[in-house]
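Working notes, beginning with the structure itself.
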Amino acid sequence: MSEALRDQHGRSIEYLRISVTDRCNFRCVYCMPAEGLPWLPKQEILSYEEIVAVVRQLAPLGLRRLRITGGEPTIRPDLPALIAQLRAVDGIEDIALSTNGVRLPELAPALREAGLDRVNISVDSLRPERIAAIARRDLGFHPERALEAALAAGLGPVKLNMVVMRGVNDDEVVSVAELTRRLAVHVRFIELMPVGEMAHLTDAHVVPSAEVLARAASLGPLREDAGPARGNGPARYHRFAGAPGTVGVITPMTHTYCGTCNRVRLTADGRLRTCLYGDHEVNLRDPLRRGEPLGPLFVRALAEKPLEHELLKLRVGGLRALSQVGG
Ligand code: SAM
Ligand code: SF4
């Protein structure tokens with residue numbers, strides 16, 4: 001690991017989340033207002049060539065793993081073309097995608113062909129009417145079909161992310177956990193973060209992960225587990241005896257995991273964010289467009305990466321919606 005890629009607290013940074021669009025075909029209740037957000041004009045968004053140029057400059061500093069996210073990345077035209085260009089950058093070992101899964105049955109083979117390694121799919125319910133109610137769009141999303149398409153294309157290990165909301169979908173924790181006994185899928189229950197303008201979702205909707213695990217354990221004992229072989233993020237995993245999949249929890253509300261944070265984010269308009277919360281960001285797009293080197297800016301940004309996020313203290317921390325910063 002290059003010393004340049006250690007932040008001021010000694011955490012090594014080798015993982016970049018890249019938001020390729022701020023737009024989405026869903027309007028999930030916890031993520032975006034029903035009317036959408038003030039979308040970025042096209043000229044402000046990094047082109048695929050510019051995204052690749054950023055990654056090419058950061059890879060020699062130790063960047064190894066990428067996650068493509070948004071907004072909804074699969075609505076940007078010709079996403080496989082970006083994946084193929086990123087795959088060709090020396091030093092990049094792993095490329096993952098976070099998606100709502102709507103377009104996966106159609107896109108999974110081309111994405112794999114282009115060099116994508118694996119996917120995370122957001123699945124907040126297994127019931128069609130409830131999926132449409134949470135997403136505030138009925139696009140015929142069928143979670144098991146998306147999962148099968150991803151597995152058939154070789155995009156594993158596949159992770160399913162469910163944001164658990166009390167009184168909205170928490171009655172499905174057991175049925176979603178049950179999938180891991182039948183399928184090689186890694187479910188992650190995410191604690192709802194009541195951020196920004198989604199003020200209708202409050203602390204009362206947060207279901208602590210300890211409670212989620214206790215409910216899942218009604219199916220049988222859960223043992224701590226290392227989780228899927230690839231992708232080491234903030235989740236803590238468990239497994240039912242003999243199960244092909246695992247049950248994970250991500251706990252932004254009841255624990256912080258900032259001490260092991262190994263990630264930074266690139267927004268769709270080319271800002272490097274060193275922390276999900278607050279306003280620690282550096283504009284890489286304009287220097288890139290002026291032909292200036294990005295390495296020194298990256299090193300300086302890391303020197304300022306905060307020790308931990310302030311969501312628990314500030315509640316909103318300047319964050320309006322996760323779709324704006326790539327989740
Ligand atoms: N559209 C893609 C998707 O839904 O997976 C990628 C972007 S989305 C912003 C990334 C992740 O952030 C999703 O797993 C989503 O569930 C999560 N997320 C968004 N808002 C959230 C919130 N308020 N609390 C917890 N998780 C949230
Ligand atoms: Fe779109 Fe993903 Fe946000 Fe849902 S969570 S509105 S799918 S960006």
Side-chain angles (χ1 to χ4, degrees), residues 17-37 39-40 66-76 79 96-104 107 118-125 131-139 141 143 146-147 150 155 158-166 168-170 176 186-203 205-209 212 231 233-235 248-254 257 263 265-268 273 276-277 309 311-312 315-317 319-327:
R17 294 176 72 98
I18 301 172
S19 172
V20 297
T21 180
D22 57 334
R23 298 172 193 232
C24 189
N25 45 357
F26 273 180
R27 294 286 184 275
C28 300
V29 287
Y30 49 74
C31 181
M32 266 190 205
E35 67 279 12
L37 291 161
W39 310 124
L40 291 165
L66 305 176
R67 173 168 298 280
I68 310 303
T69 177
E72 175 49 41
T74 62
I75 64 168
R76 186 146 171 192
L79 188 62
L97 172 74
S98 285
T99 174
N100 60 25
V102 171
R103 297 197 65 205
L104 258 193
L107 286 177
R118 55 205 176 82
V119 287
N120 288 10
I121 311 173
S122 290
V123 173
D124 295 324
S125 169
I131 291 170
I134 294 174
R136 294 187 288 207
R137 289 280 191 284
D138 187 357
L139 302 181
F141 176 51
L147 173 59
L155 291 171
V158 176
K159 298 175 187 164
L160 292 193
N161 290 334
M162 174 175 175
V163 176
V164 184
M165 293 167 278
R166 197 180 299 284
V168 177
N169 63 354
D170 59 329
V176 172
H186 305 279
V187 166
R188 288 115 53 89
F189 295 109
I190 303 177
E191 283 175 351
L192 170 73
M193 293 181 271
V195 290
E197 290 166 6
M198 271 53 74
H200 55 284
L201 292 169
T202 63
D203 284 356
H205 291 91
V206 177
V207 185
S209 290
V212 167
V249 288
I250 300 181
T251 56
M253 296 308 290
T254 55
Y257 32 72
R263 58 194 54 199
R265 295 173 161 80
L266 184 65
T267 64
R273 285 186 76 107
L276 182 51
Y277 308 97
H309 73 66
L311 181 69
L312 301 176
R315 303 301 306 171
V316 289
L319 184 67
R320 291 180 65 216
L322 263 70
S323 60
Q324 295 182 314
V325 291

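Counting convention: from 1, in listed order, for ligands and their atoms alike.
When each atom of ligand 1 is checked for a heavy atom of Gly71 under 4.0 Å away, the hits are 1 (N), 2 (C), 6 (C), 7 (C). The contact set between ligand 1 and Thr99, taken as ligand atoms under 4.0 Å from a residue heavy atom, comprises 2 (C), 3 (C), 5 (O). For ligand 1 and Thr69, the ligand atoms under 4.0 Å from any heavy atom of the residue are 6 (C), 7 (C). In summary, the atoms of ligand 1 found under 4.0 Å from a heavy atom of Ser122, numbered by their order in the structure, are 3 (C), 4 (O), 5 (O), 13 (C), 14 (O), 16 (O). In summary, the atoms of ligand 2 found under 4.0 Å from a heavy atom of Asn100, numbered by their order in the structure, are 7 (S). Near Asn161, the atoms of ligand 1 lying under 4.0 angstrom from a non-hydrogen atom of the residue are 14 (O).
Taking the side chain as every heavy atom from C-beta outward, Leu139 and Asn25 approach each other to under 4.5 Å. Side-chain contact between Asn169 and Ile134: present, with at least one pair of heavy atoms (C-beta onward) separated by less than 4.5 Å.
A donor-acceptor contact shorter than 3.5 Å is absent between the side chain of Glu191 and the backbone of Val206. Between the side chain of Arg265 and the main chain of Arg273, no donor-acceptor pair closer than 3.5 Å is present.
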Verdict with reasoning, Phe26 to Val102, per side chain to side chain contact (heavy atoms under 4.5 Å, CB included): CA-CA 9 Å; Phe26 273 180; Val102 171; 3.4 Å; yes
Test log, rule side-chain hydrogen bond (donor to acceptor under 3.5 Å, both in side chains), inputs Arg67 and Ser98: CA-CA 7 Å; Arg67 173 168 298 280; Ser98 285; 3.2 Å; yes
Thr21/Glu72 under side-chain hydrogen bond (donor to acceptor under 3.5 Å, both in side chains): CA gap, chis, key distance, verdict: CA-CA 7 Å; Thr21 180; Glu72 175 49 41; over 6 Å; no
Working for side chain to side chain contact (heavy atoms under 4.5 Å, CB included), residues Asn161 and Arg188: CA-CA 5 Å; Asn161 290 334; Arg188 288 115 53 89; 2.7 Å; yes
Verdict with supporting geometry, Leu155 and Leu97, side chain to side chain contact (heavy atoms under 4.5 Å, CB included): CA-CA 10 Å; Leu155 291 171; Leu97 172 74; over 6 Å; no
From CA spacing to verdict: side chain to side chain contact (heavy atoms under 4.5 Å, CB included), Val207, Phe189: CA-CA 10 Å; Val207 185; Phe189 295 109; over 6 Å; no
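By the 3.5 Å distance cut-off applied to N or O atoms, Tyr30 is counted among the residues near ligand 1. Close N/O approach between Cys31 and ligand 1 is not found [any backbone or side-chain N/O within under 3.5 Å].
With a heavy-atom cut-off of 4.0 Å, Ile121 does not touch ligand 1 at all.
Remark: distances from the non-hydrogen atoms of Ser19 to ligand 1 are all 4.0 Å or more. At least one heavy atom of Gly70 sits closer than 4.0 Å to an atom of ligand 1.
The option with the heavy atom closest to atom 5 (S) of ligand 2, from among Cys24, Pro73, Gly71, Cys31, is Cys31. Nearest to atom 1 (N) of ligand 1 by heavy atom, out of Glu72, Arg188, Met165, His205, is Glu72. Distances from atom 22 (C) of ligand 1 to the heavy atoms of Met193, Lys159, Arg17 show the closest one on Met193.
Distance check for Cys28 against atom 3 (Fe) of ligand 2: none of its N/O/S atoms falls below 2.8 Å.
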